[in-house]
Amino acid sequence: MGYRRPRGTYDVYPGGREPNERPDLWQWVEETARSFFRRYNYREVRVPVFEETQLFVRGVGEASDIVRKEMFVFEDQGGRSLALRPEGTAGVVRAYVEHGLYKQAQPLKLWYAGPMFRHERQQKGRYRQHTQIGVEVLGTSDPLVDVEVIDLLYRLHKAVGVRDEVVYINTLGDFATRERYVPELKAYLEKHRTDLDPDSVARLASNPLRVLDSKDPGTRAVLAEAPAIGEFLSDEARSDFEAVKEGLETLRVPYEVDERIVRGLDYYTSTVFEARSGALGAQDSVGSGGRYNRLIEDLGGPDLGGIGFGSGVERMLLAAAAREEERSLDVFFVTLVPEARLPALELANALREEGLSCDLDYAGRSAKGQFKQADRAGASYAVVMGEEEYRGGYCTLRDMSSGEERRVTVSAGPGELLRRLL
RNA sequence: GUGGCCGUAGCUCAGUCGGUAGAGCAUCGGAUUGUGGCUCCGAAGGUCGCGGGUUCGAGUCCCGUCGGUCACCCCA
């Protein structure tokens, strides 16, 4: 065995078995997403797959697991520390600030798609290089945008056939809310410190909110009696959250409030959400996101709000209902004498110029083999060029579904053939 | 980073008590001197992950190692 792909990666190729290995499914999801972004009036943004390490440390958060143990960090030849992006938002916000995009008409509605990198142990639906399709709406804190973004995520997933999905939402409140809630939560957890798991004890110091999403049974038991953020919401945070819920109801986006959602990225504020599918394994989050009203300022921009989601394409594919690959080709040229091969290629090219898809045999197959190949390629027509045809200046046009055949003159060029096909 | 399970043909797998490698699918050819899907026949395809050990003999037993996978942690 020669070289193998790096751990946690996969290839996409004709014949790939897993849904995330099939090019036809990738193209289908990408086209579906593009169609949604066009209809919701989002414009594309492309940013580098690596950035200064510090951008992610500041943006995603020093205390987050992603920064602490999951980044691919390397030094360039000038000794600068760079990191492969572990998520999409930080880079997009950096570009927004760097180019002064907040001076354009706001909000700016952006979408992106591309690979993200996290140094994790592989399991079902989790890769070291995975692909996210995401959006960011920058320059406003209007809760109606939260509604649009969540609706977009939900309908995109529906369109690609994600099964058994539920959208969970929560609010982390604004700054005032957290100033009141976090000390309460912390005080409560401190009292029950001995019943918490070690990870949660550590988070008590670094980021107490994160304790809320612990799966440890002992910690969960403590949390059952913990103060809930819902009771601490400021008037503004409460009315924003109500507006989001009302909006989702109006747009008929089914959702459930889950107060345990706090997200592992530190920049989130206010609305957070996560779409989970029962069709996945333990990694059941298909797409998620939230509002980040401090991030733009933290990265050196003005005090403006933003919200976005990232959706994992591999997980969308894994959670989607099975789909057969549909192959199609307009014409397959069957050549039965060597002299006919170049004329066939010439004719094929003439048809290609007109927008028809064409192919021919390059493997030296038997006649039977070539028809089989035409069938497999999903060809609508076969154009047979054998000894008789070659000498007579015509070809035989075979309709692959009916089996009907007719002579078509080609000595004067592709005109007659085109007339039959277009 | 930790743990469970698994590595045999391109893919999915069988391989009994340790006796020198099998099937299905896929590929190519033939049955049909130039005609696909269905059927039948045939061919090609293997470092049994790798290294070591035990044995007359190892795909099979033992040790190590690498890889995969699922789960934990966390996330898309």
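In what follows, every chain begins at residue 1, and chains take the letters A, B, ... in the order their sequences are listed. Predicted, not measured: the structure shown is a model, and the values here were computed from it.
Side-chain proximity of A/K372 to B/C74, B/G36, B/G68: nearest is B/G36. In this structure, of B/G34, B/C72, B/G68, it is B/G68 that holds the atom nearest to the side chain of A/R7. When the nucleotides B/G34, B/A76, B/G36 are ranked by their closest atom to the side chain of A/M400, B/G36 comes out on top. Candidate nucleotides B/G37, B/U35, B/C74 were compared by shortest atom distance to the side chain of A/R203, and B/C74 ranks first. In the set B/U35, B/C11, B/C72, B/C11 carries the atom at the smallest distance from any side-chain atom of A/R17.
Rounded to an integer number of Å, the gap from CG of A/D65 to C1' of B/C72 is 13 Å. When rounded to the nearest whole Å, the span between CD of A/E404 and P of B/U35 equals 19 Å. In this structure, A/E18 places its CD atom 9 Å from P of B/U69, rounding to the nearest Å. We find that CD of A/E21 is positioned 12 Å from C1' of B/G68, with the value rounded to whole Å.
Regarding contacts with the backbone of B/A76, every side-chain N or O of A/S285 stays at 4.0 angstrom or more from both OP1 and OP2. Side-chain nitrogen and oxygen atoms of A/Q123 include none within less than 4.0 Å of the OP1 or OP2 phosphate oxygen of B/U69. OP1 or OP2 of B/A76 has not a single side-chain nitrogen or oxygen of A/R126 nearer than 4.0 Å. Remark: A/R128 is not in phosphate contact with B/A76, judged by side-chain N or O atoms under 4.0 Å from OP1 or OP2. Taking side-chain N and O atoms only, A/R121 has no distance below 4.0 Å to OP1 or OP2 of B/A71. For the OP1/OP2 pair of B/G29 and a distance below 4.0 Å, the side-chain nitrogens and oxygens of A/S366 include at least one atom meeting the criterion. Of the side-chain N and O atoms in A/Q122, one or more sit less than 4.0 angstrom from OP1 or OP2 of B/U69. Phosphate contact (OP1/OP2 of B/G34, side-chain N/O of A/K368, threshold under 4.0 Å): absent.
Electrostatic pairing of A/R291 and A/D146 counts as a salt bridge here, judged by a charged N lying under 4.0 Å from a carboxylate O. Using a cut-off of 4.0 Å between Lys/Arg side-chain N and Asp/Glu carboxylate O, A/R341 and A/E339 are scored as not salt-bridged. A salt bridge links A/E51 with A/R94; the closest basic N to acidic carboxylate O contact falls under 4.0 Å.
Counting non-hydrogen atoms of other residues, nucleotides and ligands closer than 6.0 Å to CZ of A/F50 gives a total of 12 or fewer. The number of heavy-atom neighbours closer than 6.0 Å to CZ of A/F74, taken from other residues, nucleotides and ligands shown, is above 12.
Counting any heavy atom pair closer than 4.0 Å across all strands shown, A/E70 reaches sugar-phosphate atoms only and no base atom. Counting non-hydrogen atoms under 4.0 angstrom, A/G134 reaches nothing in the nucleic acid. If you check every strand for non-hydrogen atoms under 4.0 Å, A/R68 touches nothing.
Comparing the same atom, P, in B/C66 and in B/A23 gives a spacing of 35 Å after rounding to whole Å. Only the P atoms considered, B/G64 is 16 Å distant from B/U2, to the nearest whole Å.
Comparing A/D375 and A/G287, the nucleotide of RNA chain B nearest to each residue sits closer to the 5' end for A/D375. Projected onto RNA chain B by closest heavy-atom contact, A/D284 and A/E405 fall at different nucleotides, the more 5' of which corresponds to A/E405.
Aromatic ring centres of A/Y10 and A/Y127: separated by under 6.0 Å.
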